[in-house]
Peer 1: 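A single structure is presented below for examination.
Proteins get letters first, then strands, A, B, ... in listed order; numbering begins at 1 in each. Just so it is clear, the structure is predicted and the values come from calculations on it, not from any experiment. These values consider heavy atoms only, across backbone and side chains, with no hydrogens, waters or symmetry-generated copies.
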Amino acid sequence: MEAVISGRSGSALLIDGDKLHSIHVNKPGKMIPLHEAGIHFLFGDANDLSFLENVGQSKVVKHLEHARDKEDALLLALMVLDSEEPSDIRQEAAEVLNDMMDSSFISEHLESVFYARTPPKSADMKGAFDVCKIVAADKVLKLVQRIKARETLIFQVRSACDEIPGKYFDSSEDRSYFQSIAVREGLFKELVKIKAQERTVDSFLFESMTKPDIIGLRNYRQILHAWIEPLKLKRVDTTLSHQEMIADELPASQITERKMKHKKINGAAVFENVEVQKKAIVEAIKHRDHARFEKFVNELVKFHFETGGAEYAVKSLCDLAMAAKRFYRFDLQLHLIQWSIDLKPGDGWAWAQYGDALLKLNKFQEAFRAYDNAELFGKALIAKTGRAEVLKALYRLDEALAAYDEVIVQHPEEVVAKNGRAEVLKALYRLDEALAAYDEVIDQHPGDMVAKTGRAEVLKALNRLDEALAAYDEVIDQHSGDVVAKTGRAEVLKALNRLDEALAAYDEVIDQHPENAVAKNGRALVLAAMKKYDEALELLPEKDPISQHEWIGYHIRGMILLRMGDLSAAKNLFQNGINTNPSPIGKEYFSTALAVIQLKMKDYKSASNLLAQVSSPELEVTADILRVHAFGALGDKKKAAETYSKLPVDPHPVCYEFKEELRRRFVDFEEPLHDEEWLGEGAIQCYFQKAA
Amino acid sequence: MTKIDCNFCNNDFPISSDCCPHCAQPGLFPNVIVAGDSEEVSELDKRYQNAYKETKLRQCDHILSDYEKTILENSKAVISRSLSEVERMAKSDNEIYVSYYKLIDAGLKLPSGSKWDIFRRSAEESLFPGYRERIRFGSLSFTKEGSKNYGECSFVLRNKMIAHRASVFEENCVIFMKRHRILVSELDNLPKGYRATWNDRGKLAAVKAAGDIKPETDFDEYQEILLHNAPDSKDDRFVEVHVCGSITVRTMEHVTVTNPKRRQDKIFLKSLENKLKKFSVKLEFS
């Protein structure tokens, strides 16, 4: 006979020729005669109908019970996420659901649904975690953690589905129908998992084309291809691919095999083994040996699973991520942390590291989310300071200051927040306050090197260069390996025009840390000051900068091209920087630089428009100098004079003379001492001096 | 009747549309429009007059009148569903539930093949061309319980939330089609006078009950006359209610539920109870 089943209504209709019966899940043994007039009452509004052919009563009952359990499980899961539900009900729901999830088909069904879209804002994930912990609903907890951890991937897979071209569907209803089939057949789940494990999506195509409901759709091949196209792995220079290592997602047979292979290994021997492997990986990172890196990391993770489990693998991955960060390999840092989060979605420390890596790569919104997760998983303090860092990078300095202040009020001993606060004050050009803030930190934490190098930075910004040099020397005396102090010292030497010493200082850093972008950028600037432009350019990125320091290097490249007189190349570079730099302050640097070119080319209107977009305190003086030029050349005497009156006294000979020429021409209307050509060059020289 | 004139711009548009495609004024409820059609009203009226003539001859027209009055004053629309489905309906204004159920609720496609014809007929649009999926089916009742064959939970709808969008049909519409041997080709020309708007349900119920009313019929028998649940559902007798549009917990006035045994049903019931309290909906156990 044939059957129509609805888990939602808890009923099944059995069709045996002309004879109809219904079965209800609460009384599965009882077949109730049914007239066809009763069918529309039997199923009500239920849309979850499945149609079975050539089945007997027992099979129908089994299907019905499964269908009903799946519906119940989904409803219970949603109740766990629902903040409007009283806690006791949520807890009971979590308990019952946890027991139901002993059946794999329930877990799979829930993943099929929850991986099909990101949770709405009203979903109370934190409340769900708390509830699950209270009643020890570990399976539900893991499910919710995974949903949270994979939010970005879920979003990507969903977006790719939504963007399948409309031409493959007959109507919007047809598209919706495909999506509902895709949910029910677990296609979203499969794709999210494939992405999480960085496997190729080709296996997905093969699997999905074996499902009758899918291949029954018109244009199914084109639809599936269009769906996965934007999700295909882009090969990065690490060319990483690793085996499925998520232990509790391994098929049972593989887990058994692993258990059988497990030997009793001495703890100390394991530790030593791991340390040796990690050392080899760090060497591979240092020498950019991607093949060895990939091989060794895979082996290390495998070793951990054989000897200790996911927890230890996560720890090693986090340690290696920190090492990658030290070598400025933020891409590898990101990758390693992503892997560790996949293994242990509830590790707050890993999420905090993830936020840090994303911040370094200028992925600010994702960094915010990562820090949100870090807080969710118990690392509230580091999450708050992390968020403040992101705010600072976005140049939302007042918010960043407030964020640090909040942390300091709650955790007065927290030195990271205090240093962060001082750094924001410096970014706001409240230099005296910044200095006082660092002094206070040093008073309370005399050994804190971050505060000491920060203080030296502020002294340099205040142009108290000898004091800055002394401050850096003091740090290096106490910590000869402090790279930040060494590059800072080199910078001061450059500012003092002690170029050979500056070069030597940068070279010393680069010898020990060839990847140090700060040192490479600094060295390039020194070489440019020595007019060794080609050597300088070799150190700098030509295209596609990612990290903050790479963007700075890219900007320096533009400045050098400008100094070399290659206006066209410089212009293209700066325009590209404006278009693609994700950092607001970064964009302003490129806008200011492009304005310099516009002034040189006598396009004063464009220069004025560009400078109108510049508002950050650290560019204020530079932008104002250039504005005087633009306003004056456009004939706006009033604005030129007002802007000039704001300028501070500038001891640097290049800028001083440039400013004097601007004053003569556009403020006091005296006879100019230099021609237009000089003025254009002067803008370039002055900008170079200020921005370098 | 497949088209109506817009009250605002006077252009016609399909009866099943949610709004006028010309001026976007909201559409009315197609089942109510059809039931209120002048021909339907006129035919029903004729049957109504005949029903009273006939019962007068048997000297029980006063009982028919009392029955009609009781229908108008006391009858409600009752729907039976599973407990989890009612719990779901109670959450239908909550974004979390809506978001996820929307993923899996995208329309139904019946498989092809003659073995599914019997199911296909029940899903047909015959009486509701273009708006079948908007119609919820219930029955008219004086009590608060519907048929347990269709779910362990029954709920009564608030009159003021459905009066404007509900219509009644003299019997189960599928049985009606069979009884009158109506073919697909005749759908445009269905017999008139067998449906009514909600406010005229008394008339329709009276017409249907006239043959069962006797001089000795008393008040206690009214429920059985109005709604009879037979062991075989083909023998069920009731006035079918068609409510157009969605039903949420705020549409409900009263819920009756059989005491659940399964753990999850107990949780659903607790949650439902909690929600019903917020909207002053009574919950009873049977």
Peer 1: Only distances under 3.5 Å count here; give the side-chain donor-acceptor pairs of residues 272-281 of chain B to other protein atoms, sequence neighbours excluded, each with its distance to 0.1 Å.
Peer 2:
| unit_1 | atom_1 | unit_2 | atom_2 | d |
| --- | --- | --- | --- | --- |
| B:Lys275 | NZ | B:Ala90 | O | 3.3 |
| B:Lys275 | NZ | B:Asp93 | OD1 | 3.4 |

Peer 1: Which pair of non-hydrogen atoms, one from A:Ala46 and one from B:Glu85, has the smallest distance, and what is that distance?
Peer 2: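 Looking at all heavy atoms of both residues, the closest pair is N-OE2, 4.0 Å.
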
Peer 1: Quick one: which of A:Leu42, A:Asp82, A:Asp99 has the most heavy-atom pairs under 4.5 Å with chain B, could you say?
Peer 2: A:Asp82

Peer 1: Just verifying a value: how many Å separate B:Tyr101 OH and A:Asp48 CG, rounded to the nearest 0.5 Å?
Peer 2: 9.5 Å

Peer 1: Please determine if B:Lys91 and A:Glu85 form a salt bridge, counting it only when a charged side-chain N lies under 4.0 Å from a carboxylate O.
Peer 2: yes

Peer 1: Could you pull out all donor-acceptor pairs under 3.5 Å where a side-chain atom in residues 15-23 of chain A meets a protein atom, sequence neighbours excluded?
Peer 2:
| unit_1 | atom_1 | unit_2 | atom_2 | d |
| --- | --- | --- | --- | --- |
| A:Ser22 | OG | A:His24 | NE2 | 3.4 |

Peer 1: Return yes when atom NZ of A:Lys211 has more than 12 non-hydrogen atoms of other residues, nucleotides or ligands closer than 6.0 Å, and no otherwise.
Peer 2: yes

Peer 1: Examine whether an atom of A:Met100 lies under 4.5 Å from a heavy atom of chain B, and if so say whether it belongs to the side chain, the backbone or both; otherwise answer neither.
Peer 2: side chain

Peer 1: Is it the side chain or the backbone of A:Leu13 that comes within 4.5 Å of chain B heavy atoms, both, or neither?
Peer 2: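 Contact with chain B is through the side chain of A:Leu13 alone.
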
Peer 1: Looking at A:Gly10, A:Gly44, A:Ser11, which has the largest count of heavy-atom pairs under 4.5 Å with chain B?
Peer 2: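 Most heavy-atom pairs within the cutoff with chain B belong to A:Gly44.
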
Peer 1: Side chain, backbone, both or neither: which part of A:Phe178 has a heavy atom under 4.5 Å from chain B?
Peer 2: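 Nothing of A:Phe178, per the 4.5 Å heavy-atom cut-off to chain B.
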
Peer 1: Check for a donor-acceptor pair, side chain of A:Arg184 on one end and backbone N or O of B:Ile104 on the other, with a separation under 3.5 Å.
Peer 2: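 Answer holds: yes.
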
Peer 1: May I ask you to check whether B:Phe238 and A:Phe41 place their ring centres under 6.0 Å from each other?
Peer 2: yes

Peer 1: Tell me, side chain or backbone of A:Ala3 under 4.5 Å from chain B's heavy atoms, or both, or neither?
Peer 2: backbone

Peer 1: For the residue pair A:Phe43 and B:Arg81, establish whether any side-chain heavy-atom pair is separated by less than 4.5 Å.
Peer 2: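 Result no, sub-4.5 Å side-chain heavy-atom pair not found.
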
Peer 1: Please determine whether a side-chain nitrogen of the Lys or Arg among A:Arg68 and B:Asp265 lies less than 4.0 Å from a carboxylate oxygen of the Asp or Glu.
Peer 2: yes

Peer 1: Could you state the interatomic distance from CZ (B:Phe268) to CD1 (A:Ile89), rounded to the nearest 0.5 Å?
Peer 2: 11.5 Å

Peer 1: Would you call A:Leu97 and B:Gln264 a side-chain contact if the rule is heavy atoms closer than 4.5 Å?
Peer 2: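 No, every pair of side-chain atoms sits at 4.5 Å or beyond.
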
Peer 1: Top residue by heavy-atom pair count (under 4.5 Å) with chain B, among A:Val4, A:Val113, A:Leu75, A:Asp124?
Peer 2: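 The option with the most such pairs is A:Leu75.
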
Peer 1: Nearest 0.5 angstrom please: A:Ser180 OG to B:Lys102 NZ, how far?
Peer 2: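 Those atoms lie 12.5 Å apart.
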
Peer 1: Just to verify, which of B:Lys266, B:Lys270, B:Arg263 counts as forming a salt bridge (Lys or Arg N to Asp or Glu O under 4.0 Å) with A:Glu92?
Peer 2: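 The salt bridge (Lys or Arg N to Asp or Glu O under 4.0 Å) with A:Glu92 is passed solely by B:Lys270 among B:Lys266, B:Lys270, B:Arg263.
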
Peer 1: In terms of heavy-atom proximity below 4.5 Å to chain B, should A:Ser50 be classed as side chain, backbone, both, or neither?
Peer 2: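 Interface part for A:Ser50: neither.
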
Peer 1: Is it the backbone or the side chain of B:Glu240 that comes under 4.5 Å from a heavy atom of chain A, or both, or neither?
Peer 2: side chain

Peer 1: Please check if atom CZ in A:Phe105 has more than 12 non-hydrogen atoms from other residues, nucleotides or ligands closer than 6.0 Å.
Peer 2: yes

Peer 1: Side chain, backbone, both or neither: which part of A:Arg90 has an atom under 4.5 Å from a heavy atom of chain B?
Peer 2: neither

Peer 1: Sort out for me which of A:Met79, A:Glu173, A:Glu84, A:Arg175 touches chain B most, counting heavy-atom pairs under 4.5 Å.
Peer 2: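 Option with the top pair count is A:Met79.
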
Peer 1: Considering non-hydrogen atoms only, spot the tightest contact between A:Pro120 and B:Ser99 and give its length.
Peer 2: CG-OG, 3.7 Å

Peer 1: Pick whichever of A:Ala123, A:Ala116, A:Ser122 has the most heavy-atom pairs under 4.5 Å with chain B.
Peer 2: A:Ser122

Peer 1: So, do A:Phe188 and B:Leu103 sit near enough that their side-chain heavy atoms are less than 4.5 Å apart?
Peer 2: no

Peer 1: Select one option (side chain, backbone, both, neither) describing which atoms of A:Ile32 are under 4.5 Å from chain B's heavy atoms.
Peer 2: side chain

Peer 1: From A:Asp72 CG over to B:Arg88 CZ, what is the distance, rounded to the nearest 0.5 angstrom?
Peer 2: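 Between A:Asp72 CG and B:Arg88 CZ, I get 12.0 Å after rounding to 0.5 Å.
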
Peer 1: Report which part of B:Phe176 has an atom under 4.5 Å of a heavy atom belonging to chain A: side chain, backbone, both, or neither.
Peer 2: neither

Peer 1: Find the one option among B:Asn172, B:Val98, B:Leu83 whose heavy-atom pairs under 4.5 Å with chain A are most numerous.
Peer 2: B:Asn172

